[in-house]
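Some notes on the structure that comes next.
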There are 2 protein chains.
Amino acid sequence: MTGPIRVVLAEDQGMVRGAFAELLALQPDIDVVATAATGDDALRAVEEQRPDVLLTDIEMPGRTGLDVAAELHRRADPAKVLIVTTFARGGYLRRAMEAEVAGYVLKDAPIADLADALRRVHAGERVIAPELAMAAWDHASPLTDRERDLLAEVAVGASNAEIASRLHLAEGTVRNYLSAVLAKLGVRNRTEAAATARERGWL
Amino acid sequence: MTGPIRVVLAEDQGMVRGAFAELLALQPDIDVVATAATGDDALRAVEEQRPDVLLTDIEMPGRTGLDVAAELHRRADPAKVLIVTTFARGGYLRRAMEAEVAGYVLKDAPIADLADALRRVHAGERVIAPELAMAAWDHASPLTDRERDLLAEVAVGASNAEIASRLHLAEGTVRNYLSAVLAKLGVRNRTEAAATARERGWL
DNA sequence: GCGCGCTGATGACATTAGTCATCGCGAAGC
DNA sequence: GCTTCGCGATGACTAATGTCATCAGCGCGC
């Protein structure tokens, strides 16, 4: 042992951030060296504090926790990333895996799991919420990258003409792609496609 | 003073529930007599424990915190209700007001506000998050009840024909209503209307 | 009791959205 | 080298959406 585990905590909700920070600080082997409310603050805190572990939520203003994880991975930063989130979405887990995060736990789990996961991640283990390890992959998105781009536009209410101009496509092409998306999702119109994709985290 | 404030805590996310419960339990004047992960459990806990205050999240499986608040209000239960939630949505606050809740605070606020709000609510004060007291009403939904019903169907991807049959309307009527909704929201199609309404909490 | 807003309805019309067949190009995969 | 797949495009359809004008009953406010 070389001293307590140095942790940066990123979580946008003030109460949850405060509560986690206070509880973790009660653990003798854990030292919360900084907290952040946004992804950008989290990155800055990691640069300044060089912690052992970044404990981060996903949904935060500006950069998300997944964006931060991807950025740290790109920089080959030695800090391990432990994602703690509400969302048991396959898409999130996929992106987390791509960013090589060290752990992914759900806020649904008991609070004791948090410090436990932190210690295991610090020890070099990989910690994935068991509900996800199984469930994530049979929900894998059948969409291609381009189809996802398109669907993202659909989800904010863009018309085919708008999508065509934003994505530099012919309008007919947009119609065709969307037709394929509808078939893959097994739905009958764009609005249902948007609702379904949102629900399954395929946006 | 007749002893500590007896609190029932309802919150679906295990980690957040655990963290809040542990922190509140550290306060000498607060006694967490029960915790619940669903609205139904919360109701049951209030019946059994007869607490001074029910501290509850809104979004929970089954019955929401707002449903529970409305039910307790209907029963003229003496327990005061303090809503603590992520969502600064006008619609939620409106429904909370209708259920005569004693307080409404945001998880965005610092953790110290939680125990503070709890004490003030117990003392008979009404505590509303300042961001909301102002903001909620200028975002008030311009939609009528029926229009909201319709939009809820639209948001899950129903076609006009489906909406017509589910709501017992003529299809032409559905088209007209939707047209009015689109005009009120200042959008150009149903998918954008769904996205906008979801974002503003008007569903 | 008159007006207004909500609800519900028709019908005609213009515009979008969605389907299908078919094509070209390039990059993998075996 | 041939096939498969992703990407992008036309064109010709059909079906679904959205717009507008117009009407009628009901309840509420003043």
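Just so we're on the same page: letters track the sequence lines, and every chain starts at 1. Atom set for the values below is all heavy atoms of this structure, side chains included, hydrogens, waters and symmetry mates excluded.
The CD-P distance, from A/Glu162 to C/dA17, rounds to 8 Å in whole Å. Protein atom CD1 of A/Ile163 is 14 Å distant from nucleotide atom P of D/dG8, rounded to whole Å. One can place CG of B/Asn176 at 13 Å from P of C/dG11, the figure rounded to the nearest angstrom. Note: CG (A/Asp145) to C1' (C/dA27) measures 15 Å, nearest angstrom. B/Tyr177 has its OH atom 17 Å from the C1' atom of D/dT19, to the nearest Å. Nucleotide C/dA17 holds its P atom 12 Å from the CG atom of A/Leu182, rounded to whole Å. We find that CD of B/Glu171 is positioned 18 Å from C1' of C/dT7, with the value rounded to whole Å. Taking atom CZ of residue B/Arg146 and atom P of nucleotide C/dG8, one finds them 4 Å apart after rounding to whole Å.
Using modelled atom types, one finds no donor on one side chain facing an acceptor on the other under 3.5 Å when comparing A/Asn189 with B/Arg190. Using a 3.5 Å distance cut-off with no hydrogens or angles, the side chains of A/Ser179 and A/Asn176 do not pair a donor with an acceptor.
In terms of phosphate contacts, B/Arg190 brings a side-chain nitrogen or oxygen within less than 4.0 Å of OP1 or OP2 of D/dG18. Look at B/Thr173 and you won't find any side-chain N or O under 4.0 angstrom from OP1 or OP2 of C/dT10.
At its two ends the helix from C/dG1-D/dC30 to C/dC30-D/dG1 runs along axes set 50° apart, each axis drawn from five pairs and the angle rounded to 10°.
Nearer to the 5' terminus of DNA chain C, by closest-nucleotide assignment, is the contact made by B/Glu147 (compared with the other of B/Gly172 and B/Glu147). Nearest-nucleotide positions on DNA chain C place B/Lys184 closer to the 5' end than the other of B/Ala170 and B/Lys184.
Contact of the B/Asp41 side chain with the B/Arg63 side chain is not registered, since no non-hydrogen atoms from C-beta on lie closer than 4.5 Å. Using a 4.5 Å heavy-atom threshold, the side chains of A/Arg188 and A/Leu182 count as separate.
At least one donor-acceptor pair under 3.5 Å links the side chain of A/Arg6 to the backbone N or O of A/Gln49. Between the side chain of B/Thr173 and the backbone N or O of B/Leu169 there is no donor-acceptor pair closer than 3.5 Å.
Out of C/dA17, C/dG8, D/dC7, the shortest distance to the side chain of A/Asn160 is found at C/dA17. The side chain of B/Ser179 approaches D/dG18 more closely than any other nucleotide in the set C/dG8, C/dG18, D/dG18.
Heavy atoms only, all atoms of each residue included: B/Gly65 and B/Ile83 are closest at O-CD1, 4.3 Å.
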